[in-house]
**Q** 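Would you mind keeping the following structure in view while I ask a few things?
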There are 2 protein chains.
Amino acid sequence: MKYTIVDHIQRQVDLNAEASRDLEGILVNRLVRKRQFIVQPGFACTHQTYVQKGSFRGYLVTADGTEHTVQFAIEDWFISDFHSYIFQEPATLFVEALEDSAVQQIEYSHVETLCKTHHSLEHFFRLVAQKSFAFSQKRILSNFEMQAEERFLFFKKQYPQIEARVPQYALASYLGISPEFLSKIKRNSTQST
Amino acid sequence: MKYTIVDHIQRQVDLNAEASRDLEGILVNRLVRKRQFIVQPGFACTHQTYVQKGSFRGYLVTADGTEHTVQFAIEDWFISDFHSYIFQEPATLFVEALEDSAVQQIEYSHVETLCKTHHSLEHFFRLVAQKSFAFSQKRILSNFEMQAEERFLFFKKQYPQIEARVPQYALASYLGISPEFLSKIKRNSTQST
DNA sequence: AACTAAAAATGAACTGGTTCAAGTCTGCGG
DNA sequence: CCGCAGACTTGAACCAGTTCATTTTTAGTT
């Protein structure tokens with residue numbers, strides 16, 4: 001069973017024959033090597049990327065040179081610099097492969113065209129955006145609700161596959177703490193088990 | 001010129017006669033008194049609320065009893081507990097009127113029905129969700145990029161109408177700092193002007 | 001299997017922001 | 001126009017998390 005973007009969408013909405021044919025028509029399959037970037041600051045993020053195999057992280061580098069991870073993506077997830085994608089403005093994020101990966105990409109203008117012709121696709125992308133927004137809000141809340149240690153334990157529980165596959169400095173920067181402090185948290189929380 | 005939800009939508013997408021008539025049909029006009037809640041934890045957030053007049057804030061109360069503001073809304077903005085609205089699950093937020101206000105509300109199931117019958121409305125709500133998500137991501141980023149003082153100055157510059165109308169403890173909790181510290185920031189940043 | 005470079009762990013000194021407690025200002029109800 | 005409650009200010013003690021410098025572990029390459 002191989003992950004594909006069409007299956008992913010079919011799981012959530014009904015696509016008729018034309019819609020799924022048209023969608024197939026705009027898909028671009030691509031292999032991406034570990035450490036390779038699919039989005040870089042300064043260039044508009046022209047595509048949404050669906051991960052078939054492998055993993056990615058999206059991160060920001062601030063003026064002081066530190067990295068801040070915004071999003072991880074593994075099999076069956078989408079990733080992009082969404083702000084850049086939606087407004088077709090230069091990206092501010094890096095999106096980098098954490099492993100050798102296989103992806104399917106769809107281009108902004110193609111997606112917009114298909115959304116006009118197929119109500120079902122417009123519906124799908126509405127659902128995606130709404131859920132993404134809801135989770136993004138929840139993430140802001142969870143930073144208010146939890147201390148660093150709780151956030152780590154929560155992440156570990158909710159996304160064990162990701163926690164296991166991702167470099168620790170990347171996870172620290174996702175949790176909003178320094179790698180040193182994440183190290184301490186791990187020590188404290190495992191010794192008390 | 002009075003704010004209405006139909007005008008708001010027309011500014012972004014073309015609604016034909018039936019679509020705007022059907023939309024009018026599900027609108028509920030409502031007056032809300034200062035300090036009144038339109039969303040409360042425990043109850044599902046059944047409506048999206050469009051602000052015609054007045055202002056609102058959405059906030060979370062954490063276990064330790066402190067408030068954390070997630071969103072403000074003034075004229076021509078929408079507000080809700082979006083996670084609760086989308087999944088029709090019990091809300092975790094309070095949404096409270098900061099002033100006597102007038103709103104237009106649309107109910108979840110009605111919106112979903114209209115999105116099915118009118119592609120244009122589905123399109124509108126996709127755009128809204130996408131922009132909301134993009135801004136939500138940006139907000140997460142801005143907490144990484146800026147220190148508390150910069151966040152305050154940025155907010156003040158970007159939303160001067162809101163900064164002026166909103167109680168200071170609410171703004172502090174939006175910025176993720178204590179009211180005392182916001183007070184200090186203001187002192188420091190005005191004395192150096 | 002040995003070599004290397006990057007990643008993770010550790011500890012000590014430090015800082016941005018919190019907490020608590022007390023004082024001041026403001027607006028509006030009687 | 002007085003009183004009083006809620007909102008804002010101030011300062012001192014404190015703490016969660018950072019920074020920096022060093023050591024240990026891990027993983028990729030020849």
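First the proteins, then the strands, lettered A, B, ... as listed; each starts at 1. None of these values were measured; they are calculated from a predicted model.
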**Q** Verify the contact: side-chain N or O of Arg35(B) to OP1 or OP2 of dG6(D), cut-off strictly under 4.0 Å; return yes or no.
**A**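 Negative; the distance criterion is not met.
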**Q** Would a 4.5 Å heavy-atom cut-off, applied to side chains only, mark Thr46(A) and Gln105(A) as touching?
**A**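 They are not in contact (no side-chain heavy atoms under 4.5 Å apart), so the answer is no.
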**Q** Can you tell whether the side chains of Arg165(B) and Glu75(B) come within less than 4.0 Å, N to carboxylate O?
**A**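 The answer is yes: the pair qualifies as a salt bridge.
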**Q** Hey, is the side chain of Gln168(A) poking within less than 4.0 Å of OP1 or OP2 on dT26(D), counting only N and O atoms?
**A**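 No.
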**Q** Expressed in angstrom and rounded to an integer, what is the separation of Glu150(A) atom CD from dA16(D) atom C1'?
**A**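 Interatomic distance, CD of Glu150(A) to C1' of dA16(D): 13 Å.
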**Q** Quick check: His83(B) with Phe135(A) (ring centres under 6.0 Å apart)?
**A**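 Yes, they do, as the ring centres are separated by less than 6.0 Å.
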**Q** Compare the minimum distances between each of dG17(C), dA8(C), dA16(D) and the side chain of Tyr169(A), then state the nucleotide with the smallest one.
**A**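 Of all the options, the side chain of Tyr169(A) is nearest to dA8(C).
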**Q** Only one of Arg126(B), His123(B), Glu122(B) forms a side-chain hydrogen bond (donor to acceptor under 3.5 Å, both in side chains) with His123(A), so which one is it?
**A**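 When Arg126(B), His123(B), Glu122(B) are each tested with His123(A), the side-chain hydrogen bond (donor to acceptor under 3.5 Å, both in side chains) holds only for Glu122(B).
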**Q** Would Gln48(A) and Ser80(A) count as having a side-chain donor-acceptor pair, cut-off 3.5 Å?
**A**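 No, no side-chain donor-acceptor pair sits under 3.5 Å.
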**Q** Anything under 3.5 Å between a protein N or O and an N or O of nucleotides 18-22 of chain D, put it in a table, one pair a line.
**A**
residue: dT18(D); atom: OP1; partner: Ser178(A); partner atom: N; Å: 3.2
residue: dT18(D); atom: OP2; partner: Ser178(A); partner atom: N; Å: 3.0
residue: dT18(D); atom: OP2; partner: Ser178(A); partner atom: OG; Å: 3.0
residue: dC20(D); atom: N4; partner: Glu180(A); partner atom: OE2; Å: 3.2

**Q** What about Tyr159(A) and Phe72(A), are their ring centers closer than 6.0 Å?
**A**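 Here the rings of Phe72(A) and Tyr159(A) have centres that are no less than 6.0 Å from each other.
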**Q** Are more than 12 heavy atoms from other residues, nucleotides or ligands located less than 6.0 Å from atom CG of Asp14(A)?
**A**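 Counting neighbours around CG of Asp14(A), 12 or fewer heavy atoms of other residues, nucleotides or ligands fall under 6.0 Å, so no.
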**Q** Using a 4.0 Å heavy-atom cut-off to protein, can you give one letter per nucleotide of nucleotides 23-30 of chain C, 5' to 3': B if the base is in contact, S if only the sugar-phosphate is, - if neither?
**A** --------
**Q** Taking only side-chain nitrogens and oxygens of Arg187(A), does any of them come within less than 4.0 Å of OP1 or OP2 of dT10(C)?
**A**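 Yes, because at least one side-chain N or O of Arg187(A) sits under 4.0 Å from OP1 or OP2 of dT10(C).
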**Q** Whole angstroms only, please: what is the NZ-P distance between Lys186(B) and dG17(C)?
**A**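 Result: 17 Å.
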**Q** Grab the CZ-C1' distance between Arg151(B) and dG17(C) for me, whole Å please.
**A**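 Nearest whole value for this atom pair: 10 Å.
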**Q** Take the protein atom CD1 of Ile185(B) and the nucleotide atom P of dG11(D), then report the distance between them rounded to whole Å.
**A**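 Roughly 16 Å, once rounded to whole Å.
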**Q** Apply side-chain contact (heavy atoms from CB on, under 4.5 Å) to residues Ile5(A) and Phe78(A) and explain how you reach the verdict.
**A** CA-CA 9 Å; Ile5(A) 204 171; Phe78(A) 281 92; 3.7 Å; yes
**Q** Could you tell me the separation between the CG atom of Asn188(A) and the P atom of dC15(D), rounded to a whole number of Å?
**A**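 Computing the Asn188(A):CG to dC15(D):P distance gives 17 Å.
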**Q** Tell me every residue that passes side-chain hydrogen bond (donor to acceptor under 3.5 Å, both in side chains) with His110(B), counting only those two or more places apart in sequence or in another chain.
**A**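 Residues passing side-chain hydrogen bond (donor to acceptor under 3.5 Å, both in side chains) with His110(B): none at all.
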**Q** What's the CZ-C1' distance between Phe152(A) and dA16(D), to the nearest Å?
**A**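 For the pair Phe152(A) CZ and dA16(D) C1', the rounded distance is 17 Å.
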**Q** Nearest whole Å is fine: how far is dG28(D) P from Leu98(A) CG?
**A**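 Going from CG in Leu98(A) over to P in dG28(D) covers 13 Å.
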